[in-house]
Peer 1: 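Before anything else, here's the structure in question.
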Amino acid sequence: MTDRLLLLRALAEAVTLSGPRPGGGDRPSAAERLCRAAADLLGAAGAALTCAPAEPGRYTACATDEVAARLAELEDLVGDGPAARAARHGRTVGTVLGPGAPARSADLAPDAAEVPPVFVVLAADVLAAEAPVAIRSWPVRVAGRPVAALTVHGPAGCATTEARADGQVLADALAPVLVGPAVAAAPARERRDRAVGMLVAQTGLAPDDAAALLQARAWAEDVAVADLEGAVLGRTTSFADGDAPGPLPA
């Protein structure tokens, strides 16, 4: 699909038709429905939206599946990755991993930003793919300024030239809905800030260092950052001196 209006119409229809999660439950958030619709239109398996991805205070507004969430958490841990570089350079950035994948994404120009090697190595462990898997991010722009990034993962076909062009149209379409006061005050950001504040009080670290410690421990214990944040806020785990880290309570 290359027609911008047709693509935006397809996005709107997909969001309108999206309903409750399989098996019942609450209707997915607007951010999740938009990410899911964008992933479907791009032929991807899942997607995540990261706000302020190139800044220390970046946070994931939504992830459609566990793999997308783990890739977003990995980028938080590394402090660099496709979302950060897409926002920093204002263009799509990606790579293909798995058996038979090229060492460098074939679409990247010689001077283009490349996904950092440490992210590639750790992402391969997350994906554990038996076939090539593409990871690609697009900047979400407001008045030409990147404020977020849309990242998808899926078959190598979602990284074609046409899909890359479509992805930028879809990413920019998310901006009016997802970037602004509603996202700035999103529960995910508030929750992260409160957990980091408690870590600052416990450890005496600067906020950026406390956030990095939270992400590193979550990755080391193979738990979701959100779960560790909940344990910190619920005072069932602590980072204070003398407290053994240990696993999260069952």
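Fair warning: this is a prediction, and the values are worked out from it, not measured in the lab.
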Peer 1: Tell me whether Arg36 is salt-bridged to Glu32, with the criterion being a basic N under 4.0 Å from an acidic carboxylate O.
Peer 2: no
Peer 1: Could you tell me which non-hydrogen atom of Leu71 sits nearest to which non-hydrogen atom of Phe119, and how far apart they are?
Peer 2: O-CE1, 3.9 Å
Peer 1: side-chain hydrogen bond (donor to acceptor under 3.5 Å, both in side chains) for Thr151 and Arg136? Distances and angles first, verdict last.
Peer 2: CA-CA 6 Å; Thr151 303; Arg136 181 156 292 278; over 6 Å; no
Peer 1: Got a second to check how far Thr64's OG1 is from Leu34's CG, nearest 0.5 Å?
Peer 2: 12.0 Å
Peer 1: For the CG atom of Leu214 and the CD atom of Glu73, what is their distance to the nearest 0.5 Å?
Peer 2: 9.5 Å
Peer 1: Kindly give the heavy-atom pair with the smallest separation between Ser137 and Ala83, and that separation in Å.
Peer 2: OG-N, 3.2 Å
Peer 1: Please collect all salt bridge (charged side-chain N to carboxylate O under 4.0 Å, His left out) contacts where either partner lies in residues 41-52, sequence neighbours excluded, each pair once.
Peer 2: none
Peer 1: Could you report the tightest heavy-atom contact between Ala124 and Leu97, atom names first, then the distance?
Peer 2: N-CD1, 3.9 Å
Peer 1: Quick check for you: to the nearest 0.5 Å, what is the distance between Leu199 atom CG and Arg217 atom CZ?
Peer 2: 8.5 Å
Peer 1: Shortest non-hydrogen contact from Leu49 to Ala148?
Peer 2: CD1-CB, 4.2 Å
Peer 1: Using side-chain contact (heavy atoms from CB on, under 4.5 Å), reason through Tyr59 and Thr50 one step at a time and then give a plain yes or no.
Peer 2: CA-CA 6 Å; Tyr59 67 100; Thr50 305; over 6 Å; no
Peer 1: Has Thr60 got a side-chain atom pairing as donor or acceptor with Cys62's backbone, closer than 3.5 angstrom?
Peer 2: no
Peer 1: Roughly how far apart are Leu174 CG and Leu150 CG, rounded to 0.5 Å?
Peer 2: 5.5 Å
Peer 1: Any sub-3.5 Å donor-acceptor pair from Glu75's side-chain atoms to Ala84's backbone N or O?
Peer 2: yes
Peer 1: Evaluate Leu233 against Arg194 for side-chain contact (heavy atoms from CB on, under 4.5 Å), listing each step before the verdict.
Peer 2: CA-CA 7 Å; Leu233 294 173; Arg194 287 189 290 117; 3.7 Å; yes
Peer 1: Among the clusters formed by ILVMFWY side chains lying less than 4.5 Å apart, do Val121 and Val133 turn up in the same one?
Peer 2: no
Peer 1: Is there side-chain contact between Arg141 and Gln168, with heavy atoms separated by less than 4.5 Å?
Peer 2: yes
Peer 1: What's the separation between atom CG in Leu127 and atom CG in Leu122, rounded to the nearest 0.5 Å?
Peer 2: 11.0 Å
Peer 1: Tell me the closest heavy-atom pair linking Ala10 and Leu41, and the distance in Å.
Peer 2: CB-CD2, 3.8 Å
Peer 1: What pairs meet the salt bridge (charged side-chain N to carboxylate O under 4.0 Å, His left out) rule with one or both residues in residues 44-66, with sequence neighbours excluded?
Peer 2: Arg58-Asp76
Peer 1: Considering the options Thr160, Thr161, Asp166, which one meets the side-chain contact (heavy atoms from CB on, under 4.5 Å) requirement together with Arg164?
Peer 2: Thr161
Peer 1: Roughly how far apart are Leu77 CG and Arg70 CZ, rounded to 0.5 Å?
Peer 2: 9.5 Å
Peer 1: Do you know which two heavy atoms are closest between Pro139 and Pro146, and how far apart they sit?
Peer 2: CB-CB, 4.0 Å
Peer 1: Could you check whether any side-chain N or O of Glu229 sits under 3.5 Å from a backbone N or O of Val196, counting only pairs where one atom can act as donor and the other as acceptor?
Peer 2: no
Peer 1: Quick one: do Trp138 and Asp172 satisfy side-chain contact (heavy atoms from CB on, under 4.5 Å)? Show the steps, please.
Peer 2: CA-CA 9 Å; Trp138 292 265; Asp172 287 338; over 6 Å; no
